[in-house]
Amino acid sequence: MNRPCPRGVAHPAGPHPEVAALQEVMSAVEQRLPDILVELPQSHRPLLTNALLNVSINHILAEEGGPATASILQRLAALIAAGERPADGDGLRLNGQDA
């Protein structure tokens with residue numbers, strides 16, 4: 001059985017392909033955010049983070065359905081409430097069926 005590497009320790013074989021793909025997508029989105037902000041009216045710029053959250057939730061709902069989305073959001077809320085923060089270039093680590 002494979003044990004997960006502790007946070008901050010690289011897996012000897014490199015990142016899991018799904019983790020590497022997620023990091024690549026996150027990087028692509030983050031690189032485009034400054035361009036999106038510039039295109040928005042100044043008064044709308046503070047709304048970007050809320051818009052990203054809502055777009056993300058709508059996509060999760062469409063792919064996973066309500067109960068799975070609620071479970072994912074509850075897990076994220078628990079991690080955030082516990083003080084978890086994603087490492088640079090990484091997402092919050094979910095486990096079990098939410099991963």
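Just the heavy atoms: all of them, side chains too, but no hydrogens, waters or symmetry mates, feed the values below.
The closest side-chain donor-acceptor pair between Gln31 and Ser27 falls under 3.5 angstrom. Inspection of the Asn50 and Asn54 side chains reveals an N or O donor paired with an N or O acceptor under 3.5 Å.
Remark: side-chain polar atoms of Arg45 are not paired, donor with acceptor, to backbone N or O of Glu39 under 3.5 angstrom.
Side-chain contact between Leu92 and Arg85: absent, with no pair of heavy atoms (C-beta onward) separated by less than 4.5 Å. Considering only heavy atoms from C-beta on, Leu40 stays 4.5 Å or farther from Leu47 through its side chain.
In this structure, CD1 in Ile72 is found 11.5 Å from OG in Ser56, a value given to the nearest 0.5 Å. With values rounded to the nearest 0.5 angstrom, Thr69 atom OG1 is found 11.0 Å from Gln74 atom CD. Distance CZ/Arg32 to CD1/Ile36: 8.5 Å, rounded to 0.5 Å.
Val25 and Val55 are not part of a single hydrophobic cluster, where members link through side-chain heavy atoms under 4.5 Å apart. Hydrophobic clustering (side-chain heavy atoms under 4.5 Å, transitive across Ile, Leu, Val, Met, Phe, Trp, Tyr) groups Ile57 together with Ile80. Cluster annotation: Leu53 and Leu48 are assigned to distinct hydrophobic clusters (Ile/Leu/Val/Met/Phe/Trp/Tyr, side-chain heavy-atom contacts under 4.5 Å, transitive). Under the 4.5 Å side-chain contact rule for hydrophobic residues, Leu33 and Met26 do not share a cluster. A single hydrophobic cluster is not seen to contain both Leu61 and Leu52; linkage of ILVMFWY side chains at heavy-atom distances under 4.5 Å, directly or through other members, places them apart.
Nearest heavy-atom pair, Gly91 versus Pro86, reported as atom, atom and distance to 0.1 Å: C-CB, 3.7 Å.
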